Amino acid sequence: MEKRDSVKKEIRRYLSDWKYRLLLEDWNIIVQWHREMIPGHDKNAGGVITPDWRYMEATLHLNLGKMKLLTKQERERMVVHELLHCLTNPLKRTGADQEELLVTRLALILVPHRVE
């Protein structure tokens with residue numbers, strides 16, 4: 001239980017920091033924690049966000065079981081990846097199917113690989 005709480009605290013810090021850095025402070029982002037699999041998604045999904053750019057709100061689902069297996073850097077990158085969907089979500093209305101690749105590449109740019 002303690003590990004789960006420390007991971008939640010860490011992720012909350014990333015969310016606060018990256019909402020500011022990505023100019024998403026005016027977005028209402030609700031976090032839903034899941035002990036294991038996120039219902040309706042791949043069992044390996046660590047996080048899934050459902051942004052609605054029209055109302056600047058999103059629900060972020062996080063799989064704590066998966067999060068505990070990741071390094072701090074990987075958890076931070078996952079948070080950044082999911083938040084970037086808030087910025088790229090309007091692309092979906094245009095039929096752009098490269099949104100996943102775009103946010104993955106941007107997350108790697110913002111949180112580069114580094115040895116801890």
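None of the values given here were measured: they were computed from a predicted structure. Just so it is clear, the values below take in all heavy atoms, side chains as well, and ignore hydrogens, waters and symmetry mates.
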Indicate if [X] and [Y] have the same hydrophobic cluster label, given that clusters are the connected sets of ILVMFWY residues with side-chain heavy-atom separations under 4.5 angstrom.
X	Y	answer
Leu83	Leu70	yes
Leu69	Met67	no
Ile29	Val48	no
Ile38	Leu62	no
Leu84	Ile109	yes

* **Of Leu15, Val79, Ile30, Thr50, the residue whose pairing with Leu60 passes side-chain contact (heavy atoms from CB on, under 4.5 Å)** =>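 It is Leu15, the one option of Leu15, Val79, Ile30, Thr50 that forms the side-chain contact (heavy atoms from CB on, under 4.5 Å) with Leu60.
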Is the shortest side-chain heavy-atom distance between [X] and [Y] below 4.5 Å?
X	Y	value
Leu110	Leu22	yes
Val111	Glu76	yes
Gln32	His34	yes
Val80	Tyr14	no
Trp33	His61	no
Asn28	Met56	no

For the [atom1] atom of [X] and the [atom2] atom of [Y], what is their distance to the nearest 0.5 Å?
X	Y	atom1	atom2	answer
Met37	Asn63	CE	CG	9.0 Å
Asp42	Asn44	CG	CG	5.0 Å
Ser6	Lys68	OG	NZ	9.5 Å
Asp26	Glu57	CG	CD	12.0 Å

* State, to 0.1 Å, how close Pro51 and His85 come at their nearest heavy-atom pair, and which atoms those are. =>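 Residues Pro51 and His85, closest heavy atoms: CG-O, 3.7 Å.
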* Heavy-atom pair with the smallest gap, counting every atom of Cys86 and Ala58 -> SG-CB, 4.1 Å
* Can you check whether Ile49's main-chain N or O pairs, donor with acceptor, with Glu82's side chain at less than 3.5 Å? ->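 Yes; at least one donor-acceptor contact below 3.5 Å.
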* Asked: Any donor-acceptor pair under 3.5 Å linking the side chain of Lys19 with the backbone of Trp27?
  ->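 Yes; at least one donor-acceptor contact below 3.5 Å.
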* Check against salt bridge (charged side-chain N to carboxylate O under 4.0 Å, His left out), Arg13 and Asp17 -> CA-CA 6 Å; Arg13 278 195 316 270; Asp17 181 41; over 6 Å; no
* To do: Go through Arg35 and Leu64 one step at a time and tell me if the side-chain contact (heavy atoms from CB on, under 4.5 Å) criterion holds.
  => CA-CA 5 Å; Arg35 289 178 187 237; Leu64 284 170; 5.7 Å; no
